[in-house]
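Beneath this line is the structure, given in structure tokens, with notes to follow.
Excluded from the calculations below are hydrogen atoms, water molecules and symmetry mates; all remaining heavy atoms, backbone and side chain alike, are included.
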2 protein chains.
Amino acid sequence: ARNNRSIMPSNLKIYFSGSIRGGRSDVDLYGRLVEQLGKFGKVLSPFVADKTVTDASVHEGAAMTDKEIYDRDLRLIEECHAVVAEVTQTSLGVGYEVGQAKALGKKILCLYRPQPGKLLSAMIRGAEEKGSFVTRDYKEEDLPEILEEFFTECFARTHKDSLDWTTYEPM
Amino acid sequence: ARNNRSIMPSNLKIYFSGSIRGGRSDVDLYGRLVEQLGKFGKVLSPFVADKTVTDASVHEGAAMTDKEIYDRDLRLIEECHAVVAEVTQTSLGVGYEVGQAKALGKKILCLYRPQPGKLLSAMIRGAEEKGSFVTRDYKEEDLPEILEEFFTECFARTHKDSLDWTTYEPM
Ligand SMILES: [Ca+2]
């Protein structure tokens, strides 16, 4: 089962949050992140990694108006079990989504690539709570291990050894 | 009473949200905003407008660690009746605070100075809800009117003519 764990999608629903209007310089990385997240569950927000969605887009995927985008994203955040946010590119929307997700009691992983002369927001860094709100400084090569640790820690603390992502029902 | 309304502090508690680690280029404006907000209630977060707090500060006022900053700000957001956020300078922390405030059912005013080549996040613009979540594009000279409208609309819809900010109990 250890082999299957990392390659089979489970019933876990993951909301991926990344910058859109705040800047799209990390969009390629978002794509690789969404692909890796697919090993742990279903990613509800693949449009965040869609290269045709730019920082000037007034539509994202099928959603057209700002209200439609907002309503869709809030619905997906309510539906998900975990939010994984790439927080390096400063973004109001990512902050808003993480704040909403925290208030809704979702499990949260924030991923930050340290930048010279910049500090990650205290509202992200200071929210740390073992097993439910995790922030990790990372380099891309560390992602597989960080993701495995997060999902194991947050969704299988009591059954770590027998965890089977293919059939796991988180709620 | 019309004269008193604009100059006397009421029992309303206001949380002002502005960028800190996202960038401090608007800190002077934050100071003028906090001063104007003082006409409508008590501002719980004057440290946001403190010029000695920089984007590299690891403390804000009395709070020293990121967890202390986070815990203080979340407590103040829970305590307030209204959040007023200046959202022009892109900030994760401002987004987080507005997201938390929305989830807690607070009244929210987001103030945005339109920028060439930039779009305000759909997670702010699309959250509009009459009488509870208001986003206004503005120039600084419009602030007195915008603030008066927001507080009247959100806190005195049924008693607009007799509203007295000096004694008003919002909860
Ligand atoms: Ca703060």
key: Residues, nucleotides or ligands: over 12 heavy atoms within 6.0 Å of A:Glu145 CD   = no
remark   = Heavy-atom closest pair (A:Ala127 atom, B:Tyr96 atom, distance to 0.1 Å) is CB-OH, 4.2 Å
ask   = Non-hydrogen atoms of chain A under 4.5 Å away: do they reach the side chain of B:Leu119, the backbone, both or neither?
value = both
ask   = What do you reckon, is CD of A:Glu35 surrounded by more than 12 foreign heavy atoms closer than 6.0 Å?
value = no
task = State, to 0.1 Å, how close B:Gly93 and A:Ser121 come at their nearest heavy-atom pair, and which atoms those are.
result = CA-OG, 3.5 Å
request  = Heavy-atom distances under 4.5 Å only: say whether A:Ser91 touches chain B with side chain, backbone, both or neither.
outcome  = backbone
query = Measuring heavy-atom distances to chain B, does A:Ser19 have an atom under 4.5 Å in its side chain, in its backbone, in both, or in neither?
reply = neither
ask   = Can you check side-chain contact (heavy atoms from CB on, under 4.5 Å) on B:Leu92 and A:Leu120, steps first, answer last?
value = CA-CA 9 Å; B:Leu92 266 172; A:Leu120 178 61; 3.8 Å; yes
remark   = Tested for side-chain contact (heavy atoms from CB on, under 4.5 Å) against A:Met123, the lone hit among B:Leu74, B:Asp66, B:Val94 is B:Leu74
request  = Answer with yes or no whether the hydrophobic clustering places A:Met64 together with A:Ile20; edges join I, L, V, M, F, W, Y residues whose side-chain heavy atoms lie under 4.5 Å apart.
outcome  = no
ask   = Among B:Lys102, B:Glu128, B:Lys67, who wins on heavy-atom pairs under 4.5 Å with chain A?
value = B:Lys102
ask   = What part of B:Thr65 is in contact with chain A, defined as an atom under 4.5 angstrom from a non-hydrogen atom: side chain, backbone, both or neither?
value = neither
inquiry  = Looking only at heavy atoms and a cut-off of under 4.5 Å, which of B:Val98, B:Ile69, B:Val58 has the most pairs with chain A?
reply    = B:Val98
task = Check whether A:Glu68 gets within reach of chain B through its side chain, its backbone, both or neither, counting any heavy atom under 4.5 Å.
result = neither
For chain B, the option from A:Asp55, A:Val87, A:Ile124 that forms the most heavy-atom pairs under 4.5 Å = A:Val87
